Amino acid sequence: MAYDQEAVRTLYRKLLSLYPRAFRERLGESMEQTFNDLRNERKQQTEQGSFGFVVWLFAETAIGVIKEHVLLVKQGDTMKTVTADFRSAAIISLIFMLPFAFLDFLFNQSVLEPIVLFGTLWLLPMAFLVILVPMVRTVRAGNSIMANPVNLLFRVAFLALIAMLWGSLLIDQLPCFIGVPNCD
Amino acid sequence: MNITESNSPLTPAVFHILLALSSEERHGYGIMKQVEVDSQGKVKMGAGTLYGSLKRMLDAGLVKDSDKRIDPEMDDERRIYYQITAVGKKALSAELERYKHLVTLARERKHAQATFAHGV
């Protein structure tokens, strides 16, 4: 399969930019270099394109991005600002949303066309994480989350509501993503 | 879990990276290739796994950046090489000892089973 080599490189650079800043600054350039090395090696081995291999490299790196952000959230003390919380939540939920956008592109040839739908699919998990992270941090710090039961009740209720909304939206829209005709 | 804790086993990725660096300093791509050779093609590490592990190993002092720059005309000068540290060597030795012990244990059990089978 023929595809634009420069576009692939740019796309990978964009993916690397999703890593936490400290990680990116220390290892981002090396990762890009390794990506190019691997692609060059593959090109020499096979005359045909190596689309599947490139997809694997992207998926593996995307998992790495999630892992690094999850580690930051788990460490807690390194999450110095609320902005960083939002940024990590935004990136993790974006990666959750991307497979559905990819399916939609594959079957319907539309690039994030139902913008409201994809926006919702992105924002819901983000809100979920923003509510969940402080609870996880409290538990990890050895404190009781029952210290403020009203707060806990609201949080749990919101988490359940978000999970329900996200799940039902996904079940409802999945046929559209995979190109079932006449779906709405 | 702290990967420098001498009693805690290393993850497969960390173990393979340390093993790859035990013979010479290597850059990321070089480590990947060596891991593939060492594992007879059974372990294929992507950039996400490799650099995620390297980051934690750098933080833990198991490996460090090296000054080594192989012939700049043949290689990219910006390429970073990594080398194993004394702490890394110690962790690798401890892990190999653990494996050795497990292999001995497995052999003994196999022998014991065989003896049992003959006795019955």
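This one's a predicted model, so the numbers in the text were calculated from it and none came from an experiment. The chains referred to below are lettered A, B, ... by the order of the sequence lines, with proteins before strands, and numbering in each begins at 1.
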S.K.: If we only count heavy atoms from C-beta on, is the B:Lys55 to A:Leu71 side-chain gap below 4.5 Å?
M.R.: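 When only atoms from C-beta onward are counted, A:Leu71 and B:Lys55 do not touch, as no gap falls below 4.5 Å.
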S.K.: Tell me, yes or no, whether the heavy-atom count around A:Glu25 atom CD, taken from other residues, nucleotides or ligands under 6.0 Å, exceeds 12.
M.R.: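 Count over threshold, so yes.
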S.K.: Side chain, backbone, both or neither: which part of A:Phe23 has an atom under 4.5 Å from a heavy atom of chain B?
M.R.: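 Both backbone and side chain.
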S.K.: For atom CZ of A:Arg13, is the number of surrounding heavy atoms from other residues, nucleotides or ligands below 6.0 Å larger than 12?
M.R.: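 Atom CZ in A:Arg13 is crowded, with more than 12 foreign heavy atoms closer than 6.0 Å.
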S.K.: What heavy-atom pair brings A:Trp56 and B:Met45 nearest, and what distance separates the two atoms?
M.R.: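 A:Trp56 and B:Met45 have their closest heavy atoms at CH2-C, 4.1 Å.
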S.K.: Kindly give the heavy-atom pair with the smallest separation between A:Glu68 and B:Arg56, and that separation in Å.
M.R.: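 Distance-wise, the nearest heavy atoms are OE2-NH2, 3.0 Å.
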S.K.: Is it the case that B:Tyr51 and A:Thr34 place a side-chain donor and acceptor less than 3.5 Å from each other?
M.R.: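 Present: a donor and an acceptor within the cut-off.
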S.K.: What part of A:Tyr12 gets within 4.5 angstrom of chain B, counting heavy atoms only: side chain, backbone, both, or neither?
M.R.: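 Interface part for A:Tyr12: side chain.
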S.K.: Provide the closest heavy-atom pair for B:Tyr82 versus A:Leu27 in the form atom of the first, atom of the second, distance.
M.R.: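 Minimum heavy-atom contact is OH-CD2, 3.3 Å.
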S.K.: Tell me the closest heavy-atom pair linking A:Ser30 and B:Ile80, and the distance in Å.
M.R.: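 Looks like OG-CD1, 3.7 Å.
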S.K.: Checking A:Leu57 against chain B: side chain, backbone, both or neither under 4.5 Å from a heavy atom?
M.R.: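 Answer is neither: A:Leu57 stays 4.5 Å or more from chain B.
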S.K.: More than 12 heavy atoms of other residues, nucleotides or ligands under 6.0 Å from CZ of A:Phe53: yes or no?
M.R.: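 Correct, the count exceeds 12.
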S.K.: Are A:Met164 and A:Leu159 connected into the same hydrophobic cluster when the rule is that any two of I, L, V, M, F, W, Y join if their side-chain heavy atoms are below 4.5 Å apart?
M.R.: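 No.
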S.K.: Where along residues 28-38 of chain B does a heavy atom come under 4.5 Å of chain A, listed by residue number?
M.R.: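 From residues 28-38 of chain B, the residues near chain A are B:Gly28, B:Tyr29, B:Met32, B:Lys33.
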S.K.: Are A:Arg26 and B:Asp59 within salt-bridge range, i.e. N to O under 4.0 Å?
M.R.: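 A salt bridge is present here (some side-chain N lies under 4.0 Å from a carboxylate O).
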S.K.: So which of A:Asp37, A:Val65, A:Ile63, A:Thr61 has the biggest tally of heavy-atom pairs under 4.5 Å with chain B?
M.R.: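 Ranked by heavy-atom pairs under 4.5 Å with chain B, first place is A:Asp37.
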S.K.: Tell me whether A:Phe58 at atom CZ has more than 12 heavy atoms from other residues, nucleotides or ligands lying less than 6.0 Å away.
M.R.: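 Yes, because the 6.0 Å sphere around CZ of A:Phe58 holds more than 12 heavy atoms from other groups.
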